[in-house]
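Just so you know, ligand 1 is whichever comes first in the structure, and atom 1 is the first atom listed for that ligand. No hydrogens, no waters, no symmetry mates; every other heavy atom, side chains included, goes into these values.
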Amino acid sequence: MERPLIKTPPPGPKAKAHIERDTRVVSPSYTRDYPLVVERGRGLWIEDVDGNVYLDFTSGIAVCATGHCHPRVVEAIRRQSEKLLHMSGTDFYYTPQIELAERLAALVSPKEPYRVYFGNSGAEAVEAAFKLARWHTRRELNIAFFGAFHGRTMGALSLTASKTIQKKHYNPFVPGITHIPYAYCYRCPYNLTYPACDIQCVQWVEDTLFRTTMPPEEVAAIFVEPIQGEGGYVVPPPEFHRKLYDIAHKYGILYVADEVQTGIGRTGKMFAMEHYGVVPDIVALAKGIASGLPLGAMVARADIMDWEAGSHASTFGGNPVSCTAALVTLDLVEEGLMENARLQGERLLEGLRALQRSHESMGDVRGKGLMVGVELVKDRETKERAGDWRNALVRRAFEKGLLLLGCGMNTVRFAPALTVTAEQIDTCLEIFEEALKEVVYA
Ligand code: PLP
């Protein structure tokens with residue numbers, strides 16, 4: 001059985017030396033939760049510069065969907081690199097970009113025609129959606145959600161409402177955005193839990209927001225994550241998106257799904273919106289799409305993508321190597337990884353729920369597929385958050401050879417590659433429990 005191997009308690013001597021150099025020259029705005037200096041990765045295994053081996057349940061923040069350096073992805077990248085590295089898909093044509101656009105458009109909707117704009121990141125995909133929504137509707141207002149993370153460029157950041165530090169000192173933002181609560185159920189000020197509330201938070205948009213402060217005919221789009229990612233892996237109730245989508249369409253408002261983190265098989269379906277029976281007007285994709293190469297895509301209904309030549313573009317967006325990596329990623333996801341995400345996701349959720357029965361400190365355990373979060377709480381009844389425990393647990397797990405990250409205020413996130421095995425899930429659960437015990441009962 002493969003296990004993490006910690007030979008030198010991290011950070012080891014080489015890691016320390018790298019971190020010292022980094023601290024002098026690399027932007028201090030990055031958030032490094034623990035001192036991991038990576039040398040190489042293969043599948044779910046990461047080796048650091050001191051030879052320690054870790055089990056990676058972050059997949060490089062939900063990016064390496066096919067595992068680190070999947071041989072088929074690496075081979076496709078090698079072949080494409082020998083043929084063509086760059087030619088700018090905004091000025092010229094090449095096959096991988098066209099092929100990928102065909103694949104993505106058909107995946108988002110086999111029935112209706114969709115078109116694809118390519119960028120390099122999640123923020124660029126969202127930014128493009130933001131601009132397209134304005135272009136197409138000629139409306140100025142937008143709705144987004146508290147807890148949402150859409151990226152850090154000024155447009156995407158204006159839609160973001162995740163943590164104040166991400167917005168501090170950057171005012172003024174793009175005007176016209178109203179943030180509203182996301183699936184109140186989990187944080188309901190009236191302590192209503194689904195289905196008791198009958199998702200009044202959604203109806204509230206029509207009954208209160210549109211009647212008081214936001215004329216619906218001036219609203220271009222609703223930007224929404226199918227499952228909130230950075231906000232804490234918050235899964236909305238089953239009717240949430242359908243009801244919101246219906247309200248949006250009643251007023252000619254575009255429904256924009258930010259599937260940057262949820263998309264490309266992670267939740268056990270190609271797109272998480274499929275769990276909710278909604279085909280959005282616009283979908284933003286990035287992260288897992290190209291197994292680690294930079295790529296963002298904004299997929300919109302063809303009749304909505306009516307902007308003119310010159311209205312938006314990107315030199316590197318849709319790079320041929322990234323598009324080739326994405327095509328193989330889609331093959332792998334369709335050939336079985338998506339199903340594996342569903343199956344192993346169930347095993348992970350069940351395992352965590354079993355642990356929850358013996359650990360009061362584990363609050364809500366939630367997720368879909370391999371997007372799973374566990375809230376740490378001081379008290380299950382009052383839901384008093386335990387962000388300090390969460391941070392300590394993530395650090396302790398790292399020292400034991402398990403890579404995790406946090407999200408939201410007090411949630412531990414589990415986002416392994418879609419190639420994860422049952423054995424790796426069990427190892428993760430074992431180390432998670434050890435770390436939890438050491439942190440909570442210390
Ligand atoms: N949208 C969502 C839902 C995300 O989770 C992220 C990144 O975490 C982004 C957008 C921004 O992506 P990027 O960091 O590639 O710009």
Side-chain angles (χ1 to χ4, degrees), residues 27 29-33 58-65 117-133 142 144-163 165-167 170 174 177 179 182-183 221-236 241 255-267 271-273 275-276 280 282-299 314 316-319 322 325-326 329 367-373 404-408 411 413-415:
S27 168
S29 62
Y30 299 161
T31 45
R32 272 76 172 260
D33 286 343
T58 75
S59 55
I61 323 194
V63 168
C64 303
Y117 166 89
F118 288 107
N120 304 281
S121 65
E124 284 177 61
V126 171
E127 199 76 38
F130 194 36
K131 289 175 75 174
L132 180 64
N142 287 284
F145 291 85
F146 288 114
F149 187 84
H150 295 294
R152 293 172 183 271
T153 52
M154 283 309 269
L157 185 60
S158 305
L159 294 163
T160 290
S162 181
K163 295 194 178 90
I165 182 64
Q166 294 155 354
K167 304 190 81 156
Y170 298 140
V174 178
I177 297 163
H179 288 98
Y182 183 89
I222 297 178
F223 287 80
V224 64
E225 291 164 271
I227 295 170
Q228 266 192 353
E230 302 306 303
Y233 278 23
V234 181
V235 184
H241 289 294
Y255 206 67
V256 182
D258 181 344
E259 293 253 15
V260 166
Q261 190 154 171
T262 51
I264 318 296
R266 172 150 298 280
T267 68
F271 305 112
M273 272 302 177
H275 293 288
Y276 298 93
I282 303 180
V283 181
L285 297 168
K287 285 200 184 276
I289 193 172
S291 289
L293 289 204
L295 185 67
M298 186 268 286
V299 188
S314 151
F316 290 112
N319 166 275
S322 297
T329 303
K368 278 197 193 293
L370 292 171
M371 191 168 179
V372 173
L404 294 170
L405 281 172
C407 56
T411 303
R413 81 168 100 182
F414 299 78

Set of side-chain hydrogen bond (donor to acceptor under 3.5 Å, both in side chains) partners for His275, sequence neighbours left out: Thr267
Spacing of Met273 atom CE and Thr262 atom OG1 [to the nearest 0.5 Å]: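 Rounded to the nearest 0.5 Å, the CE-OG1 separation comes to 7.5 Å.
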Separation of Asp258 CG from Ile282 CD1 (nearest 0.5 Å): 12.0 Å
Any donor-acceptor pair under 3.5 Å from Ser158 side chain to Val174 backbone: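 Flag set: sc Ser158 to bb Val174 pair under 3.5 Å.
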For ligand 1, the residues whose heavy atoms come within less than 4.0 Å (ordered by chain, then number):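 For ligand 1, the contacting residues are Ser121, Gly122, Ala123, Phe149, His150, Gly151, Glu225, Glu230, Asp258, Val260, Gln261, Lys287.
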Residues which pass ring-ring contact (aromatic ring centres under 6.0 Å, His included) with Tyr170, listed by chain and number, not counting sequence neighbours: none
With sequence neighbours excluded, residues passing ring-ring contact (aromatic ring centres under 6.0 Å, His included) with Phe414: Phe432
